[in-house]
Colleague: 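Submitted below is the structure of interest, expressed as structure tokens.
In what follows, chains carry the letters A, B, and so on, assigned in the order in which the sequence lines appear, proteins first and then strands, with residues in each chain numbered from 1. On a predicted model such as this, the values are computed, not experimentally measured, just so you know. Only heavy atoms go into these numbers, but all of them, side chains included; no hydrogens, no water, no symmetry mates.
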2 protein chains.
Amino acid sequence: MEINLSVTEENYIKAIYHLQQADGNVSTNEVAKELATKPASVTDMLKKLKQKKILNYEKYQGFRLSNDGRRIALGIVRKHRLWEYFLVEKLQFGWDEVHEVAEELEHISSKKLIDKLDAFLEYPKFDPHGDPIPDVNGKMAAQPQINLTDLPVNQLAAVSSVGIQSTELLELLKHKNIAIGTKLEVKKKFAFDNSLEIKIKGQNAFTISQQLAQALFVKMV
Amino acid sequence: MEINLSVTEENYIKAIYHLQQADGNVSTNEVAKELATKPASVTDMLKKLKQKKILNYEKYQGFRLSNDGRRIALGIVRKHRLWEYFLVEKLQFGWDEVHEVAEELEHISSKKLIDKLDAFLEYPKFDPHGDPIPDVNGKMAAQPQINLTDLPVNQLAAVSSVGIQSTELLELLKHKNIAIGTKLEVKKKFAFDNSLEIKIKGQNAFTISQQLAQALFVKMV
DNA sequence: AAATAATTTTAGACAAATCTAAAATTATTT
DNA sequence: AAATAATTTTAGATTTGTCTAAAATTATTT
């Protein structure tokens, strides 16, 4: 039942997991960009992962992780986030300097190690960046809903609710092409009037007012 | 100044380090045995390490680490032993189940990580097996001298002093071919009369009495 | 000091993960 | 719906670490 995976394979699985969280179906080019490698290399790996039943993949058709693949990805995410928590809470790293180290630590294979680390840290639910940490069974706490004004720049999030129910607001949202479930990122914050530059995938970026941003709640993705 | 080393290269360096601690000059076959690989593979790696100036090596002549090589080896040993200490003291692993995990953790490259871990652990001097942990500069505490009767089975050690100065004792030591500096291992302990079976490299094992063992002090190697 | 044995090195091959360049397929324009 | 563009895949090469089998060297016997 335990498949042995190389660090490279794990990195592909993790990248595909994150891309499909944001995007649904994943493409060869996206993965190549994410991993700073060439599409041809990605295709080779896709075949390998398909053969190991980690990936549902038909050529030219895009792909997604299988159930097994998702289980493995969650295991890697769990390790990454627990180590980040450890680095910040116990070793006094800054939250902005832990990522690369966690990228290495997440590939340490011992399950016992990670479960004991989890216990030592007293089963934290969120990592230092606010992302939820999967538990032993791969379950994670729901991402808390935050106000759009509090969303970090370049953090993908999905609109989860609107603060007020007014026809005027709905009219504006319709015009801006924003609905519940719309995935967006904040690209810039303007201090002068607290307006935000917003990017929805496949559209050009546009600006929204402070008032509109305050009416929108999102969950990080 | 910072050379990038693969996990494989690091494992070779560590193996050579440990072998030369015990042996002086190291041979291709010894390394192959230690790393469970073939002599031909070792020769390939030796050339590579020589080229990187980590090894003083002339073919057919045996080899030793260069100063740089020793510095690198001490860094790996430092990481291994600090992680072992962490696993036992913080994560409640048994001292006998930490080795394989530490074998993986020792290859995490961040120097900052290991120095912060050292601080978190409050600069321990010895790991759970009693081996000294090198500090940031590669210095380690002298291995404490222990009585031969307390030496664990199969732990290589060097005779460091004798407890009493008698002609009779010296006569016996001469006959048994034991001197200050002689490297030996205890292969068996016999409960009946507390005699020990001793093995000196290149000789057949032989037995010594409890009285003789109590007169000998050793340092682990 | 020859012969034999053991060790070590070379030569050539293989698998994993990558690359470039070209071919195949799908998507988008006009 | 052709033509063009973008994406994806294939084919063939490269690098790293490994292997086996054979050759070279050193060590040990007789």
Side-chain angles (χ1 to χ4, degrees), chain A residues 3-16 19-20 23-65 72 76 103-104 107 109 201-204, chain B residues 3-16 19-20 22-65 69 72 76 103-104 107 109 201-204:
Chain A
I3 318 162
N4 234 33
L5 296 167
S6 72
V7 169
T8 311
E9 288 169 325
E10 288 194 351
N11 282 331
Y12 272 92
I13 293 169
K14 194 179 56 147
I16 295 168
L19 288 168
Q20 79 179 30
D23 265 35
N25 244 34
V26 187
S27 77
T28 306
N29 265 0
E30 282 177 310
V31 176
K33 196 172 167 195
E34 178 80 12
L35 295 177
T37 182
K38 297 293 141 82
S41 311
V42 175
T43 302
D44 288 345
M45 183 58 85
L46 296 178
K47 286 190 221 161
K48 213 163 99 180
L49 293 179
K50 177 184 180 169
Q51 204 242 301
K52 292 192 179 188
K53 313 225 181 219
I54 286 166
L55 203 61
N56 297 320
Y57 163 61
E58 293 306 326
K59 58 178 172 170
Y60 293 109
Q61 294 312 132
F63 42 88
R64 313 204 57 183
L65 294 174
I72 293 165
I76 302 169
E103 290 283 299
E104 284 192 67
H107 301 294
S109 61
K201 200 184 152 106
Q203 296 181 209
N204 290 325
Chain B
I3 319 163
N4 234 32
L5 296 166
S6 71
V7 169
T8 311
E9 288 169 324
E10 289 194 349
N11 282 332
Y12 272 92
I13 293 168
K14 195 179 57 147
I16 295 168
L19 288 169
Q20 79 180 28
D23 266 36
N25 245 34
V26 186
S27 78
T28 305
N29 265 359
E30 282 176 311
V31 175
K33 195 172 169 196
E34 179 79 11
L35 294 177
T37 183
K38 297 293 141 80
S41 311
V42 174
T43 302
D44 289 345
M45 183 57 84
L46 295 178
K47 287 191 219 160
K48 212 163 99 182
L49 293 178
K50 176 184 181 171
Q51 204 243 301
K52 292 193 178 189
K53 312 224 182 221
I54 286 166
L55 204 62
N56 297 321
Y57 163 61
E58 292 307 326
K59 60 177 171 172
Y60 293 109
Q61 295 312 131
F63 42 89
R64 313 204 57 183
L65 294 173
I72 293 165
I76 302 169
E103 289 283 299
E104 284 191 68
H107 301 294
S109 62
K201 201 185 150 104
Q203 297 181 208
N204 290 325

Colleague: Where each pair must be Watson-Crick or G-U wobble with both distances under 3.5 Å, what dot-bracket representation of DNA chain C is obtained, with crossing pairs in [ ] and other-strand partners as |?
Modeller: ||||||||||||||||||||||||||||||
Colleague: To the nearest Å, how far apart are B/Leu35 CG and D/dC19 P?
Modeller: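 Interatomic distance, CG of B/Leu35 to P of D/dC19: 10 Å.
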Colleague: Below 4.0 angstrom, N of the basic side chain to O of the carboxylate: do A/Glu34 and A/Lys14 qualify?
Modeller: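 No salt bridge links A/Glu34 with A/Lys14.
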Colleague: Between C/dG12 atom C1' and B/Lys38 atom NZ, what is the distance in whole Å?
Modeller: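 Whole-Å distance recorded here is 17 Å.
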Colleague: Could you list the protein-to-nucleotides 7-10 of chain C atom pairs, N/O on both sides, closer than 3.5 Å?
Modeller:
from, atom 1, to, atom 2, distance (Å)
C/dT7, O5', B/Asn29, ND2, 3.4
C/dT8, OP2, B/Asn29, N, 2.7
C/dT9, OP1, B/Tyr57, OH, 2.5
C/dT9, OP1, B/Tyr60, N, 2.9
C/dT9, OP2, B/Thr28, OG1, 3.0
C/dT9, OP2, B/Thr43, OG1, 3.0
C/dT9, OP2, B/Tyr57, OH, 3.4
C/dT9, O4', B/Tyr60, OH, 3.4
C/dT10, OP1, B/Lys59, NZ, 2.8
C/dT10, OP2, B/Lys47, NZ, 3.0

Colleague: Think B/Thr37 has a side-chain N or O under 4.0 angstrom from the OP1 or OP2 of D/dC19?
Modeller: yes
Colleague: So which heavy atom on B/Asn29 is nearest to which on B/Pro39, and how close?
Modeller: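 Answer, listing the atom of B/Asn29 first, then B/Pro39: OD1-CG, 3.3 Å.
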Colleague: Which pair of heavy atoms, one from A/Leu35 and one from A/Asn11, lies closest together, and at what distance?
Modeller: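 That would be CD2-O, 4.0 Å.
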Colleague: Over how many whole Å does the gap from A/Met45 atom CE to C/dA16 atom P extend?
Modeller: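 From A/Met45 CE to C/dA16 P: 10 Å.
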Colleague: Quick one: which of B/Lys33, B/Arg64, B/Glu30 gives a side chain to side chain contact (heavy atoms under 4.5 Å, CB included) with B/Leu19?
Modeller: B/Glu30
Colleague: Can you sort out the partners of A/Thr43 under side-chain contact (heavy atoms from CB on, under 4.5 Å), two or more places apart, ordered by chain and number?
Modeller: A/Thr28, A/Lys47, A/Tyr57
Colleague: Please report the interatomic distance CD(B/Glu10) to CD1(B/Ile76), rounded to the nearest 0.5 Å.
Modeller: 4.0 Å
Colleague: What are the two closest non-hydrogen atoms of B/Gly69 and B/Ile13, and how far apart are they?
Modeller: O-CG2, 3.8 Å
Colleague: What's the verdict on side-chain contact (heavy atoms from CB on, under 4.5 Å) for A/Asn56 and A/Leu65, showing C-alpha distance, side-chain angles and the deciding distance?
Modeller: CA-CA 6 Å; A/Asn56 297 320; A/Leu65 294 174; over 6 Å; no
Colleague: Return no unless some side-chain N or O of B/Ser41 is found under 4.0 Å from OP1 or OP2 of D/dC19.
Modeller: yes
